[in-house]
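Quick caveat, the model's predicted, so the values are computed rather than measured. Below, read A as the first sequence line, B as the second, and so on, with proteins coming before strands; counting in each chain starts at 1.
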Amino acid sequence: MRPGSRFLSVVRTLTILAPPKGKTFASCCDPNLQLGVYYKNERINELIKGRRIQDAQNLFDQMSARDSITYNLLISGHGRYGNPKQALYLYKEMVSQGIKETGPTFSSVITVCGNEGFYAEGVQVHCRVISLGFGLNLFVGSSLVNLYLRMGLVDVAWKLFDQLPQRNLAVWNLMLNGFLELGKLEELFVLHGQMRWEGVEPNGLSFCYLIRACCNGRFLDQGKQLHCHVIKVGWVEFNDFVANALVDFYSACGIFIDARKAFLLIPVEDVISWNSIISVYAENDLLFDAIELFSRMHFWDKKTFHSFLFGALGLIQ
DNA sequence: CTAGGGTTAG
């Protein structure tokens with residue numbers, strides 16, 4: 001037997017206990033305990049993906065040791081599936097137990113704060129972001145941009161956005177959406193100009209926001225330009241949302257003919273486009289056409305709200 | 001093993 005071979009066999013048995021890929025022994029003081037956490041985290045992840053958030057919470061409650069990933073999974077799960085308060089509670093518990101936040105923690109928590117109106121809490125978490133040095137993280141930064149836009153603090157959002165070391169389409173779209181919701185249409189078009197200046201190509205969602213801005217502001221010329229561009233790039237054929245936005249734009253601007261043209265070009269009419277075009281017919285006093293379209297829609301087995309039809313019937317009487 | 005952006009009107 002060669003010297004050292006016994007040692008090798010011991011090492012081989014040890015590898016059975018080897019930590020999962022990407023981990024080293026140095027990062028686990030107690031391999032067995034840590035492995036337990038790892039596999040339970042995986043299970044929690046599966047449960048949340050299957051939308052079984054309560055089961056995930058039960059498993060979480062039974063765990064004797066938890067790490068930041070355990071908390072991140074549950075925080076984002078509760079945030080996504082409608083339990084924002086629980087998400088914030090878990091975040092508080094996590095911090096008070098001395099478990100350090102990571103990027104995903106901040107990103108989930110701040111998104112919850114922004115979307116559910118916990119603005120004061122969101123600003124507090126922003127302080128933690130700064131003191132722990134996560135301010136330049138793209139995900140964290142975009143959740144902060146979203147938070148301040150929802151608060152209506154446009155200047156702060158601009159500043160954070162400008163300071164981001166890199167940007168992707170999601171952040172640009174968050175900005176566009178924020179300005180649209182706040183009715184800051186000028187800012188929105190400034191941002192669009194900046195996109196073009198930096199050579200960022202908008203996607204279908206960006207064009208939805210831009211066209212809706214033209215719709216709300218009745219910017220006929222600008223909307224037509226967008227329409228041309230969108231046709232050239234090919235979004236109308238592939239994106240129902242864009243096509244619907246065009247129908248709404250023309251009907252808002254009172255250009256009935258173009259609204260109808262835009263409707264006819266929609267590849268697969270969904271409920272929304274039917275709603276839009278029926279309301280356009282009704283608004284233009286083409287009541288019988290509206291009703292005819294409504295019955296055609298039933299023929300295609302489309303389900304919709306009946307309000308437009310009732311509106312049209314009311315006008316006839 | 002974890003984090004982000006969606007259409008209508010009423």
Side-chain angles (χ1 to χ4, degrees), chain A residues 19-23 34-49 56 66-80 87 90-91 94 101-112 114-115 129 134 137-147 149-150 164 167-181 202-213 215-216 235 239-249 251-252 259 262-263 266 269-280 282-283 304-311:
Chain A
K21 51 180 182 310
K23 302 274 175 185
Q34 290 296 324
L35 281 176
V37 175
Y38 177 86
Y39 288 118
K40 282 183 180 153
N41 285 346
E42 287 237 297
R43 181 74 189 128
I44 287 181
N45 191 19
E46 280 169 21
L47 288 171
I48 289 176
K49 278 191 178 144
R66 302 161 188 150
D67 60 7
S68 62
I69 292 175
T70 326
Y71 275 99
N72 289 350
L73 285 166
L74 256 98
I75 289 172
S76 93
H78 280 299
R80 253 197 316 239
L90 284 175
Y91 172 65
M94 173 182 181
E101 300 99 316
T102 59
T105 325
F106 285 125
S107 156
S108 311
V109 169
I110 294 169
T111 301
V112 168
N115 294 344
V129 169
F134 279 91
N137 178 311
L138 176 58
F139 289 100
V140 177
S142 48
S143 66
L144 283 168
V145 166
N146 179 49
L147 171 73
L149 282 172
R150 297 229 173 200
L164 282 176
R167 298 170 199 134
N168 57 12
L169 249 188
V171 197
W172 287 99
N173 284 343
L174 270 175
M175 289 285 279
L176 289 174
N177 184 29
F179 289 147
L180 183 66
E181 293 292 325
N203 67 0
L205 181 58
S206 332
F207 283 119
C208 282
Y209 294 142
L210 289 165
I211 295 168
R212 271 173 64 202
C215 178
N216 293 349
W235 282 113
N239 193 317
D240 299 350
F241 295 152
V242 172
N244 282 322
L246 283 170
V247 175
D248 292 328
F249 163 69
S251 66
F263 173 74
I266 295 181
E269 304 95 332
D270 57 13
V271 184
I272 289 164
S273 51
W274 285 92
N275 277 338
S276 301
I277 199 67
I278 289 178
S279 75
V280 176
E283 276 162 22
T304 185
F305 303 106
H306 290 200
S307 50
F308 296 123
L309 179 67
F310 293 149

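As judged by a 4.0 angstrom heavy-atom cut-off over every strand, A:Val171 is placed among the base-contacting residues. Across all strands shown, A:Arg212 has heavy atoms under 4.0 Å from sugar-phosphate atoms exclusively, and none from any base. Within the nucleic acid shown, A:Phe106 has no heavy atom closer than 4.0 Å to any nucleic acid atom. Nucleic acid contact for A:Ser142: base, since at least one base atom lies under 4.0 Å from a heavy atom of the residue. If you check every strand for non-hydrogen atoms under 4.0 Å, A:Asn41 touches a base. When heavy atoms are screened at a 4.0 angstrom cut-off, A:Leu176 is found touching no nucleic acid atom at all.
Between the side chains of A:Asp248 and A:Ser251, no donor-acceptor pair of N or O atoms lies under 3.5 Å. With no hydrogens or angles considered, no side-chain donor-acceptor pair links A:Asn146 and A:Ser143 at under 3.5 Å.
As a whole-Å value, the separation of A:Arg167 CZ from B:dG4 C1' is 16 Å. Atom-to-atom, CG of A:Asn216 to P of B:dT7 comes out at 13 Å; the value is rounded to the nearest Å. Whole-Å rounding puts the A:Lys40 NZ to B:dT2 C1' distance at 19 Å. With rounding to whole Å, A:Phe241 atom CZ is found 7 Å from B:dT7 atom P. With rounding to whole Å, A:Asn146 atom CG is found 17 Å from B:dA3 atom P. Taking atom CG of A:Asn168 as the reference point, atom P of B:dG4 lies 13 Å away to the nearest angstrom. One interatomic measurement links the two molecules: CG of A:Leu74 to P of B:dC1, which rounds to 18 Å at whole-angstrom precision. As rounded to whole Å, 15 Å separates atom P of B:dG4 from atom CG of A:Leu205.
Residue A:Arg80 places at least one side-chain N or O closer than 4.0 Å to OP1 or OP2 of B:dA3. The phosphate of B:dG6 (OP1 or OP2) has a side-chain N or O of A:Asn177 nearer than 4.0 angstrom.
The side-chain hydrogen bond (donor to acceptor under 3.5 Å, both in side chains) check on A:Glu46 picks up A:Arg43, with sequence neighbours excluded. Residues that satisfy the side-chain hydrogen bond (donor to acceptor under 3.5 Å, both in side chains) test with A:Thr111, not counting sequence neighbours, are absent from this structure.
Considering only side-chain atoms of A:Thr102, the nucleotide from B:dT7, B:dT2, B:dC1 that sits closest is B:dT2. With distances taken from any side-chain atom of A:Ala170 to the nucleotides B:dT2, B:dG4, B:dG6, the minimum falls on B:dG4. The side chain of A:Asn244 sits closest to B:dT7 out of B:dG6, B:dG4, B:dT7. Closest approach to the A:Cys208 side chain among B:dA3, B:dG6, B:dC1 is made by B:dG6 (side chain taken as heavy atoms from C-beta onward). Considering only side-chain atoms of A:Asn239, the nucleotide from B:dC1, B:dA3, B:dG6 that sits closest is B:dG6.
Judged by distance alone, with hydrogens and angles left aside, the side-chain atoms of A:Asn168 form a donor-acceptor pair with the main-chain N or O of A:Val171 at under 3.5 Å. No donor-acceptor distance shorter than 3.5 angstrom exists from the side chain of A:Ser107 to the backbone of A:Gly103, with no hydrogens or angles considered.
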